[in-house]
Peer 1: 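Just passing along the structure, written as structure tokens.
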Amino acid sequence: MVYPDTFQGIAVLAQPEWQSPKKIEFTPRAFEDHDVDIEIVACGVCASDVHTISGGWGECPYPLVVGHEIIGKVIKLGDKCTTGLTLGQRVGVGAQAWACLACPQCGSDNEVYCPHLRDTYGSKYPDGTVMQGGYASHARVHEFFVFPIPDSIPTNLAAPMMCAGATTFSPLIRNGAGPGKKVGILGIGGLGHFGIIWAKALGAEVWAISRSNAKKEDALALGADGYIATAEENWDEAHLRTFDLIVNCANSSALDLPKYIDLCKVNGRFICVGLPEGDGFLIKPFNMMHNAALFGFSHIATRKEILQMLDLAAEKNLKPWVELLPVGEAGCSEALKRCYSHDVRYRFTLTDFEKEFA
Ligand SMILES: [Zn+2]
Ligand SMILES: [Zn+2]
């Protein structure tokens, strides 16, 4: 059996085997009136995929197909679809695949903060089906979470925009990144490299902040105006109370937080998008009152923000740095292992779906 009865995917079967995913066939949830079926052609690899299937964020249902940076083509549209998608159209799906679309959050373009939000993979659909991600032949997603990809963005570059791109774009535009603002991007990996690209395109003065100078050349090539290496002595002195916004993309809770908070201007903002494993940050009131800085978090991005991000990327010809690997047991295994050890510049896109799932 194959589509439309079953989909194929590269799944992790149990936590101890997370580095050795296997090809499986699975039954998707029943097709509903607002659903879109997508034949997948590429999928980015997110650190969330690794945190989830390795058990780092707690329990998850197995077998699980991860992947929430999906690009594919529309092959079926529900009878009540109204967002204007057409058969054959190239579309993307990110980390969110469902929300109630009826609560105050959903009604104010904040559906990413819907209390009933469902993730693209690992969440349970109302009928009990475990939702499966994009290392797969197909995806079945509510139309609201399916986004047309502008023609000028290549598929393999569009894929990582769907989660890493969105996750860094939202806090930048919500917190005023733009001309006349000094913005810090802390942690230069998959997320941080997008942070530099977007913040620069939005017109801000962008500073990359990293431990060593190892990523200096890359950060400047990506568009950073300046670079701070925190391993250097007195690295913070020249920047105290000067940042309007710092977006923390680091995947670690072992940050010297007071030092970073002190970089913020009065009422400056320090916003985290990385979700490190473990207990998280220790915030001491005494560290926060020197500059009345605001400390916060941000979660992926809304439909409106994702569409705005794609328009900006198309208009300014913005390009993430992507390494390609073929989807399949070997390719997914390599992607997950190398992502776990941060051995990627700066994002993987899985390709060759038509060969693997022919
Ligand atoms: Zn809602
Ligand atoms: Zn992600």
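FYI, side chains are in, hydrogens and waters are out, and symmetry mates aren't considered; it's all heavy atoms of this structure. What you are looking at is a predicted structure, and each value in this text was computed from that prediction instead of being measured. As the structure lists them, so they are numbered: ligands from 1, and atoms in each ligand from 1.
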Peer 1: Side chains of Met161 and Leu318, heavy atoms from C-beta outward: is any pair under 4.5 Å?
Peer 2: no
Peer 1: To check your reading of the site, what angle at the Zn ion (ligand 2) do SG of Cys46 and SG of Cys163 form, to 10°?
Peer 2: 130°
Peer 1: Got a salt bridge between Asp37 and Arg140, using NZ or NE/NH1/NH2 to carboxylate O under 4.0 Å?
Peer 2: yes
Peer 1: Tell me the angle that SG of Cys103 and SG of Cys100 form around the Zn ion (ligand 1), rounded to 10°.
Peer 2: 110°
Peer 1: Of all N, O or S atoms in His68, which has the smallest distance to the Zn ion (ligand 2)?
Peer 2: NE2
Peer 1: Is it true that some N/O/S atom of Cys114, main chain or side chain, lies under 2.8 Å from the Zn ion (ligand 1)?
Peer 2: yes
Peer 1: Give me the ring orientation class for His138 and Phe7: parallel if the planes are under 30° apart, tilted from 30 to 60°, perpendicular past 60°.
Peer 2: tilted
Peer 1: Heavy atoms, side chains only, cut-off 4.5 Å: are Pro28 and Thr129 in contact?
Peer 2: no
